[in-house]
2 protein chains.
Amino acid sequence: MGTSKEIMGNATNDDAILKLGNELCFSLYACAKEVIRIYRKPLEKIGLTYTQYIVMMTLWQFCDMSAKEIGKKIYLDSGTLTPVIKKLEKSGFVKRQRVVEDERFVKVILTEKGLKLKEKASTIPQTLERNIYLSYDETMTLHSLLNKALKGIKEGTKI
Amino acid sequence: MGTSKEIMGNATNDDAILKLGNELCFSLYACAKEVIRIYRKPLEKIGLTYTQYIVMMTLWQFCDMSAKEIGKKIYLDSGTLTPVIKKLEKSGFVKRQRVVEDERFVKVILTEKGLKLKEKASTIPQTLERNIYLSYDETMTLHSLLNKALKGIKEGTKI
DNA sequence: CTTAAATAAATTGCACACAATCTAATAACA
DNA sequence: TGTTATTAGATTGTGTGCAATTTATTTAAG
């Protein structure tokens, strides 16, 4: 089973330039996946999946959020969000109720249990610190570059 | 539908420190998802999904790869990889064959069609450049920080 | 006022992603 | 040598993630 034998031995300059975009997108993909993976076990202990955790974090920060608003904040559409919120309701962390003034909206509300979960979840963020091995400055830089990229993509997506 | 009203008005210092870990993990999650989203349409044109593209990129770089080796390189286990590779085989881009010397291994081999696809895919990486709005230096920094983080996670994962 | 357009959720179908388990093949060792 | 342990892939079950469609409600236009 040969390893690391390059097929296209002599990579052209063009190749090299194109490579960066792909490598960046791969690093992003892999890094996000690995980070989610290390969060999995700690989250399991408090009864959340990663996606459910993202939703709960949003609810811990803001109140009176409609499903639509949550989705906009965490980049998820109703196809993903509806079942996630329903599961959170089943676990007793949130309640869902239609808004009286506009029955199209579903308001998602923290329950007492959901609010209490915030304390249990307080040690979760340390998971990343213990595993990522970046200095504080590096972490800040990474964070701000990711947000800048995210903002760029959000503004004008021309595929 | 109230927006941006913080429930826990007075965030403690502790909160602030913990917040960074969570925000970083969220930015990673969101950014990776958005990048995959903008790759979707261009990839669809050449008949690949994002995951299939990652596998093909790996095969364009190396030859004689077993499923195991591919999985290690792109952080995927057989549960994900087996069906993806089978789909690539169905599309005619790769062939799968058991290794004679050790029947446990499946060797994944590019077909003529799979090799030719590399040229069609040559414009794909520009997708990111057109959408991410980072300078060359920023892109390089982001890339290296992601790889450093990835390496850190890979070395010793203590959850 | 009535029909048409717009909007928020829900539903459906397809493609991952991964833990857990199973199967088959090889390696290790008593 | 025969049994056990290890290993690579395949399978199964659960949970996203998203495009496309549907449903219910509200708004806009004529």
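In what follows, chains are A, B, ... by sequence order, proteins preceding strands, each numbered from 1.
- In this structure, B:K107 fails the cation-pi test against B:F105, since its NZ or CZ atom is not both closer than 6.0 Å to the six-membered ring centre and inside 45 degrees of the ring normal.
- In this structure, A:I38 is a member of the same hydrophobic cluster as A:I46, with clusters built from ILVMFWY side-chain heavy atoms closer than 4.5 Å.
- A cation-pi contact, defined as under 6.0 Å to the ring centre and within 45° of the axis, links B:K113 to B:F93.
- When atom types are taken as modelled, the side chain of A:W60 and the backbone of A:L110 share no donor-acceptor pair closer than 3.5 angstrom.
- The shortest side-chain heavy-atom distance between A:Y133 and B:K151 does not fall under the 4.5 Å cut-off.
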Treating primed atoms plus P, OP1 and OP2 as sugar-phosphate and everything else as base, which nucleotides of nucleotides 6-17 of chain C get B, S or - for protein heavy atoms under 4.0 Å?
-BSSBB---SSB
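- In summary, B:K41 and B:E44 do not engage in a salt bridge, as defined by a charged side-chain N under 4.0 Å from a carboxylate O.
- Ring planes of B:Y53 and B:Y39: tilted class, angle from 30 to 60°.
- Bounding nucleotides for the chain A contact on DNA chain D, 5' to 3', at a heavy-atom distance below 4.0 Å, are D:dG15 to D:dT26.
- Between the CD atom of A:E44 and the P atom of C:dA19 there is a distance of 10 Å, rounded to whole Å.
- Of the charged side-chain nitrogens involved, at least one lies within less than 4.0 Å of a carboxylate oxygen, so that A:E89 and A:R96 count as a salt-bridged pair.
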